[in-house]
Structures are given as structure tokens and as C-alpha cells.
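Notes follow once the structure below has been shown.
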Amino acid sequence: QVHVVESGGALVQTGGSLRLSCAASGPTFSRYGTGWFRQAPGKAREIVAAISRTGSLTYYTDSVKGRFTISKDNANNTVALQMNSLKPEDTAVYYCAARDGYGLGYVGTDYNYWGQGTQVTVSS
């Protein structure tokens, strides 16, 4: 069973950048697909981006395309989410999740292992 921990959340101004990191302990990330989700106050959790086991497949929700990049470093057992051109509507708790199986996961139930979350706040 993999254990994941997020880091990198912070307060940033509109237009700024942040890099979130998800570190895995236990089995390596090469055995798992990974996704980043977010949940804003009063809103449902939504997927932000996903990457397959090998990193060959990626997915982004429409609202972050062109601004966010998900990447995987299997050698260092980490998955990163580079967030550029941040907007106030990106404010949320961001969660890293890992899933068994191949391909991409698009919803929360596709994932088996979750981190505790990291807060991202974008001020206007």
C-alpha cells in the first residue's frame, strides 16, 4: 500500500505560480497512476490533472489547460503539479491520489490512496 503526502501549497497573488509536490512512500509511484484533485469551500471535489503509471498519458480539466502541468519522476518517487497564471478561482485544498491499474483515472472513485491535502490560496 502506498502512502502519499502533498506539499507546496501557499498564498500567492493572481498571476503567480506554485509547484505542488506529491511524495510516495512504500511501493514506488511507477506502480500507480496519480491524480491531483481540488476542493474549494462549498464545492464538490474535482479532478485537476492525472498522469498514468509510466507518465505517457496525461489529462487536464478544461479550466487549467495551458496553465498547469503534471509530471512524474519515478526515480524520485514524486509527482508534481506546476501551476502557472494562477487565478482566484484556483483557490482550494489540493489533494494527491494514487490508483492501482493502468490508464488514467478521472473521478475520485478511480483512486485508492489519498493524501491529506495542501491549501492553495490565490489572492486577487
Side-chain angles (χ1 to χ4, degrees):
Q1 177 172 329
V2 67
H3 178 63
V4 297
V5 178
E6 308 93 337
S7 62
L11 171 65
V12 64
Q13 291 185 334
T14 297
S17 297
L18 279 176
R19 185 176 180 87
L20 304 184
S21 183
C22 178
S25 60
T28 68
F29 258 144
S30 62
R31 294 176 53 181
Y32 300 92
T34 310
W36 283 97
F37 290 76
R38 65 187 178 187
Q39 187 165 21
K43 294 188 177 182
R45 182 176 59 192
E46 64 171 347
I47 189 165
V48 176
I51 192 165
S52 61
R53 283 187 173 195
T54 62
S56 59
L57 300 174
T58 58
Y59 165 83
Y60 299 92
T61 194
D62 285 346
S63 62
V64 308
K65 284 181 181 176
R67 300 189 298 124
F68 290 12
T69 302
I70 189 170
S71 60
K72 197 170 192 183
D73 184 347
N74 283 333
N76 290 307
N77 235 14
T78 59
V79 172
L81 184 68
Q82 177 67 41
M83 306 187 296
N84 299 326
S85 302
L86 283 161
K87 305 175 181 180
E89 50 265 42
D90 295 318
T91 295
V93 178
Y94 283 70
Y95 297 91
C96 176
R99 63 185 298 269
D100 298 314
Y102 294 92
L104 297 171
Y106 301 98
V107 295
T109 51
D110 289 339
Y111 291 82
N112 309 96
Y113 313 103
W114 291 81
Q116 294 300 307
T118 186
Q119 176 70 48
V120 172
T121 303
V122 184
S123 63
S124 56

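Note: hydrogens, waters and symmetry copies are ignored here, and every other heavy atom, side chains too, is used. Predicted model only: the values in this text are computed from it and were never measured. Numbers for residues simply follow the sequence, beginning at 1.
- Ser124 contributes atom OG, which lies 9.5 Å from atom CD of Gln13 (distance to the nearest 0.5 angstrom).
- Inter-residue side-chain proximity for Val48 and Met83 is flagged as unmet; no heavy-atom pair is nearer than 4.5 Å.
- Residue pairs meeting the ring pair (Phe, Tyr, Trp, His ring centres under 6.0 Å) criterion with at least one member in residues 1-33, sequence neighbours excluded: Tyr32-Tyr113.
- Annotation for Ala92 and Ala40: closest pair CB-N, 3.8 Å, computed over non-hydrogen atoms.
- Remark: side-chain polar atoms of Asn77 are paired, donor with acceptor, to backbone N or O of Ala24 under 3.5 angstrom.
- What you find for Asn84 and Ser17 is that their closest heavy atoms are OD1-OG, 2.9 Å.
- When all heavy atoms are compared, the tightest approach of Ala49 to Leu81 is CB-CD1, 4.1 Å.
- By the salt bridge (charged side-chain N to carboxylate O under 4.0 Å, His left out) test, Arg99 is found to be paired with no residue, residues two or more places apart in sequence or in another chain being considered.
- Under the 4.5 Å side-chain contact rule for hydrophobic residues, Leu104 and Ile70 do not share a cluster.
- Under a 4.0 Å N-O distance rule, the pair Lys65/Asp62 qualifies as a salt bridge.
- A donor-acceptor contact under 3.5 angstrom links the side chains of Ser30 and Thr28, judged on distance only.
- Inter-residue side-chain proximity for Gln119 and Thr91 is flagged as met; some heavy-atom pair is nearer than 4.5 Å.
- Cys22 contributes atom SG, which lies 11.5 Å from atom CD1 of Ile51 (distance to the nearest 0.5 angstrom).
- In terms of heavy-atom proximity, Val4 sits nearest to Ala98 at CG1-CB, 4.3 Å.
- Of all the heavy atoms in Arg38 and Ser63, the pair that sits closest is NH2-OG, 3.3 Å.
- Sorted by first and then second residue, the ring pair (Phe, Tyr, Trp, His ring centres under 6.0 Å) pairs involving residues 34-63 (not counting sequence neighbours) are Phe37-Tyr111, Phe37-Trp114, Tyr59-Tyr106.
- Residue pairs that meet the ring pair (Phe, Tyr, Trp, His ring centres under 6.0 Å) test with at least one member in residues 74-100, sequence neighbours left out, do not exist here.
- Residues that satisfy the salt bridge (charged side-chain N to carboxylate O under 4.0 Å, His left out) test with Lys43, not counting sequence neighbours, are absent from this structure.
- Judged by distance alone, the side chain of Arg19 and the main-chain N or O of Gln82 form no donor-acceptor pair under 3.5 Å.
- Pro88 is listed as a side-chain neighbour of Thr14, based on a closest heavy-atom distance under 4.5 Å.
- We find the CG-CZ distance between Asn74 and Arg31 to be 12.0 Å, quoted to the nearest 0.5 Å.
- By the ring pair (Phe, Tyr, Trp, His ring centres under 6.0 Å) test, Phe68 is found to be paired with no residue, residues two or more places apart in sequence or in another chain being considered.
- Taking every heavy atom of both residues into account, Val12 and Leu86 meet most closely at CG1-CD1, 3.6 Å.
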Chi angles and distances behind the side-chain contact (heavy atoms from CB on, under 4.5 Å) call for Thr34, Cys96 = CA-CA 7 Å; Thr34 310; Cys96 176; 3.7 Å; yes
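- Leu18 and Val93 are members of different hydrophobic clusters when ILVMFWY side chains are connected at heavy-atom separations under 4.5 Å.
- In this structure, Thr61 OG1 and Ile47 CD1 are separated by 8.0 Å, a value rounded to the nearest 0.5 Å.
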